[in-house]
Amino acid sequence: MTLSSNRRYTVELPASAERVPQIRRIVAAHLRHWHLEAQIPAVCRGVAELLTNVHRHVGPDAVCVVEVRWSGRHLTVSVTDRGPRMPRLRGAGDGGLAVVAALSDSWGTCGTDDGKVVWFTRRVAATRETPLSARPPLRSVPDAKPRPGAEVPEPGSPPGDSGSGSRPDEALLV
């Protein structure tokens, strides 16, 4: 997974029937991590439909790439495969792309040099608890190196004390 201003998960896998439930669980885990629990049923159903279409129409051993991306406003899911035939939307009750169309705000297909991409999007409002960008790593302040010729204060001396004069705890030792 890559975190940036966009959150993104990509996996390449064979479109076997056994992999569909696994990918649904993985996608659901990413949506939970991004605090998008309300999107899990629709997105996982859409992913399952797209993977099942690859399995049926391209082949059970066809390799495909699933990508889930959240920009903070839109959740986009795409499945890329090497099948030459572009999918078509048949009827509303036929399943497949009809289900994807019903679950999404927009969807489409795009031919590539070696196959196609089928995608769908859902509008998703960012939650207050979820930052859109990864927090920058904490940086430690490097130890300051003294300038050549500068006096180095004694350990335990108060800030700003250059080491000259008596220290307050030395006065008690007299």
Side-chain angles (χ1 to χ4, degrees), residues 1-140:
M1 177 180 86
T2 304
L3 281 177
S4 64
S5 60
N6 288 330
R7 293 191 179 194
R8 178 177 163 232
Y9 171 73
T10 304
V11 63
E12 183 174 333
L13 66 142
S16 64
E18 301 84 39
R19 294 302 302 252
V20 173
Q22 292 172 339
I23 294 302
R24 285 178 68 129
R25 286 190 300 273
I26 291 169
V27 168
H30 282 279
L31 294 175
R32 275 192 293 280
H33 179 69
W34 298 338
H35 302 281
L36 300 174
E37 290 86 355
Q39 302 301 316
I40 292 172
V43 170
C44 287
R45 175 86 190 274
V47 167
E49 289 293 337
L50 294 180
L51 289 175
T52 300
N53 284 351
V54 174
H55 177 80
R56 283 185 189 146
H57 302 291
V58 180
D61 296 326
V63 174
C64 62
V65 175
V66 175
E67 180 179 35
V68 181
R69 182 183 299 249
W70 180 46
S71 68
R73 290 183 173 212
H74 294 94
L75 189 58
T76 304
V77 177
S78 64
V79 175
T80 305
D81 66 57
R82 293 194 172 113
R85 205 171 58 162
M86 295 298 285
R88 292 188 332 232
L89 178 63
R90 294 186 183 141
D94 289 337
L97 287 179
V99 170
V100 171
L103 295 170
S104 64
D105 293 311
S106 63
W107 67 276
T109 62
C110 181
T112 64
D113 290 339
D114 59 349
K116 65 185 163 299
V117 177
V118 182
W119 56 269
F120 68 90
T121 63
R122 292 180 54 86
R123 277 185 297 261
V124 178
T127 60
R128 210 169 30 107
E129 302 86 27
T130 308
L132 292 182
S133 60
R135 291 185 177 163
L138 295 176
R139 295 174 46 188
S140 61

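Numbers here simply count residues along the sequence, with the first being 1. In this text the structure is predicted, and so the values were computed from the model without any measurement.
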| query | Under 4.5 Å between any side-chain heavy atoms of W107 and L50, yes or no? | reply | no
| Spacing of CH2 belonging to W70 relative to NE2 belonging to H33, to within rounding of 0.5 Å | 10.5 Å
| message | Side chains of V11 and I23, heavy atoms from C-beta outward: is any pair under 4.5 Å? | response | yes
| note | In this structure, OG1 of T109 is separated from CZ of R88 (nearest 0.5 Å) by 11.5 Å
| field | Verdict with supporting geometry, V124 and L36, side-chain contact (heavy atoms from CB on, under 4.5 Å) | value | CA-CA 8 Å; V124 178; L36 300 174; 3.4 Å; yes
| said: Testing the basics here: between A15 and G59, what is the closest heavy-atom pair and its distance to 0.1 Å? | reply: CB-O, 4.3 Å
| query | Any donor and acceptor pair, going by atom type alone, linking the side chain of D105 with main-chain N or O of R123 inside 3.5 Å? | reply | yes
| message | What I'd like to find out is whether the side chain of L103 reaches to under 4.5 Å of the side chain of F120, using heavy atoms alone. | response | no
| task | For A48 and R24, work out which heavy atoms get closest and say how close. | result | CB-NH1, 3.5 Å
| query | Which pair of heavy atoms, one from H30 and one from Y9, lies closest together, and at what distance? | reply | NE2-CD1, 3.1 Å
| query | Where is the tightest heavy-atom contact between W34 and L75, given as atom of each residue plus distance? | reply | CZ3-CD1, 4.3 Å
| request: To the nearest 0.5 Å, tell me how far T52 OG1 sits from H57 NE2. | output: 9.5 Å
| request: Using only heavy-atom distances, determine whether the side chains of R19 and Q22 contain a donor-acceptor pair under 3.5 Å. | output: yes
Can you give the donor-acceptor pairs under 3.5 Å from side chains of residues 37-47 to other protein atoms, not counting sequence neighbours?
from: Q39; atom 1: OE1; to: R122; atom 2: NE; distance (Å): 2.7
from: Q39; atom 1: OE1; to: R122; atom 2: NH2; distance (Å): 3.1

| note | Closest non-hydrogen contact found for A62 with V58 is CB-CG1, 3.4 Å
| said: Please enumerate all residues that pass salt bridge (charged side-chain N to carboxylate O under 4.0 Å, His left out) together with D114, with sequence neighbours excluded. | reply: R82
| message | Working to the nearest 0.5 angstrom, can you tell me the gap between K116 NZ and S78 OG? | response | 13.0 Å
| message | Looking at every heavy atom in both L97 and P87, which two are closest together, and how far apart are they? | response | CD1-CB, 3.6 Å
